[in-house]
Amino acid sequence: MPPEILLPDAVARAAAVLAAGGLVAFPTETVYGLGADALREDAVRRIFRAKGRPADNPLIVHLADAGELARVAATVPPLARHLAAEHWPGPLTLVLDARTDVPSVTTGGLGTVAVRVPDHEIARALITAAGVPVAAPSANRSGRPSPTTAQHVVTDLGDAVDVVVDGGPCRVGVESTVVDARGPVPLVLREGSVTREQLGARGEAVAEELAASPGTRYRHYAPSCRVVTAPPGRAGEVAAALVAAGGAVGVVTSRADAPGGAVTVARFDGPDGLAAVLYRALRDAEDAGVDVLVVEEVTEEGVGRAVLDRLRRAAAG
Ligand code: TXA
Ligand code: MG
């Protein structure tokens with residue numbers, strides 16, 4: 001019988017691969033990341049190749065602890081210090097001025113660096129053991145939904161990744177909130193489960209915020225089936241009309257009753273629940289041969305705003 005691989009052993013082995021310039025996919029509380037040594041240009045280039053990611057879309061650097069910020073950030077202004085103290089470890093990414101020794105492949109040549117400390121024991125143990133800051137985008141092929149299980153990573157990236165550390169399904173399910181923390185007030189570049197209210201940011205995005213995050217320009221979260229949104233509580237009606245029009249219809253709903261003629265792909269309870277299942281549901285719908293997936297909307301409370309943002313991008317397909 002092969003020896004059992006215990007978690008600390010798996011983390012140590014994955015960390016050795018990272019330290020040697022390899023690619024390691026690992027779980028975080030948001031989605032799985034595809035990690036490499038953020039300070040090694042050759043290693044970071046492999047991330048872009050594996051994902052098919054445009055070179056001008058910079059990566060988030062993951063640290064085990066806020067005390068390591070000085071390894072990648074040139075300065076840590078008071079606002080950033082405050083937000084890190086309030087929200088780390090957690091799903092908040094801070095954009096700061098980069099140290100000049102952070103390779104431009106990592107920063108997209110922007111002169112800034114995005115950093116976060118993930119709230120996941122395996123992720124932090126891995127980063128600590130590797131002893132390097134870890135650049136990690138979501139571990140999907142570019143343009144696919146972010147992976148929330150190790151199997152999603154294997155499906156998308158296969159042999160292009162050296163190691164996948166399986167930590168089970170991700171708790172949050174949508175990517176971190178990205179905030180430019182260089183100025184006097186936080187500028188939200190990407191919505192996430194840390195809300196504008198929690199950050200003390202403005203309620204509505206302003207033009208400079210939307211322009212400042214390269215990733216938001218690209219087509220994202222695109223499943224191969226059509227995605228249609230339904231108002232809260234009305235996924236069944238919308239699905240029934242689509243079934244009548246012909247084709248295989250899937251539903252992601254908060255309701256217990258199965259809509260006539262449609263397949264229930266996932267059920268959820270509230271905004272947190274939809275965030276946790278949305279990306280998996282998009283992939284499952286494809287695998288089930290669904291032509292149209294009806295997803296019931298949630299309120300904008302908490303992570304609701306971020307999950308609606310992702311859902312509308314998928315529906316815009
Ligand atoms: O939750 C997450 O953030 C996950 C996990 C793995 O940590 N990571 C993730 O990475 O979603 P990625 O690469 O899929 O998205 C990073 C986003 C992109 O929209 C990118 O353009 C933006 O962060 N970003 C990265 N560096 C930036 C910078 N220096 N300035 C502005 N935006 C930046
Ligand atoms: Mg991504």
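Throughout, residue positions are numbered sequentially from 1 according to the sequence presented. Ligands are counted one by one from 1 in listed order, and the atoms in each one are counted from 1 as well. All values derive from a computational prediction rather than experimental measurement. These values consider heavy atoms only, across backbone and side chains, with no hydrogens, waters or symmetry-generated copies.
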### Task
Ignoring hydrogens and angles, state whether a donor on the side chain of S146 or E175 is under 3.5 Å from an acceptor on the partner side chain.
yes

### Query
Counting only heavy atoms, which portion of R53 has something under 4.0 Å from ligand 1: side chain, backbone, both, or neither?
side chain

#### Entry: For G33, atoms of ligand 1 separated by under 4.0 Å from a heavy atom
6 (C)

### Query
Is S138 close to ligand 1, meaning an N/O of one under 3.5 Å from an N/O of the other?
yes

### Message
Counting only nitrogen or oxygen atoms and a 3.5 angstrom limit, does S176 reach ligand 1?
### Response
yes

### Query
Hey, is ligand 1 close enough to E175 that some N/O pair sits below 3.5 Å?
no

### Message
Please determine whether S146 has a backbone or side-chain N, O or S atom lying under 2.8 Å from the Mg ion (ligand 2).
### Response
no

### Query
Going by the order shown, which atoms of ligand 1 are within less than 4.0 Å of some heavy atom of T112?
28 (C), 29 (N), 30 (N)

### N57 neighbourhood, listing ligand 1 atoms whose heavy-atom distance to it stays under 4.0 Å
18 (C), 20 (C), 21 (O)

Side-chain donor/acceptor pairs under 3.5 Å, residues 75-93, sequence neighbours excluded:
from, atom 1, to, atom 2, distance (Å)
R81, NH2, V76, O, 3.4
W88, NE1, L92, O, 2.8
T93, OG1, S176, OG, 2.8

### Query
Which atoms of ligand 1 have any heavy atom of L110 under 4.0 Å away?
28 (C), 29 (N), 30 (N)

### Task
With heavy atoms of L59 as the reference, note each atom of ligand 1 found under 4.0 Å away.
25 (C), 26 (N)

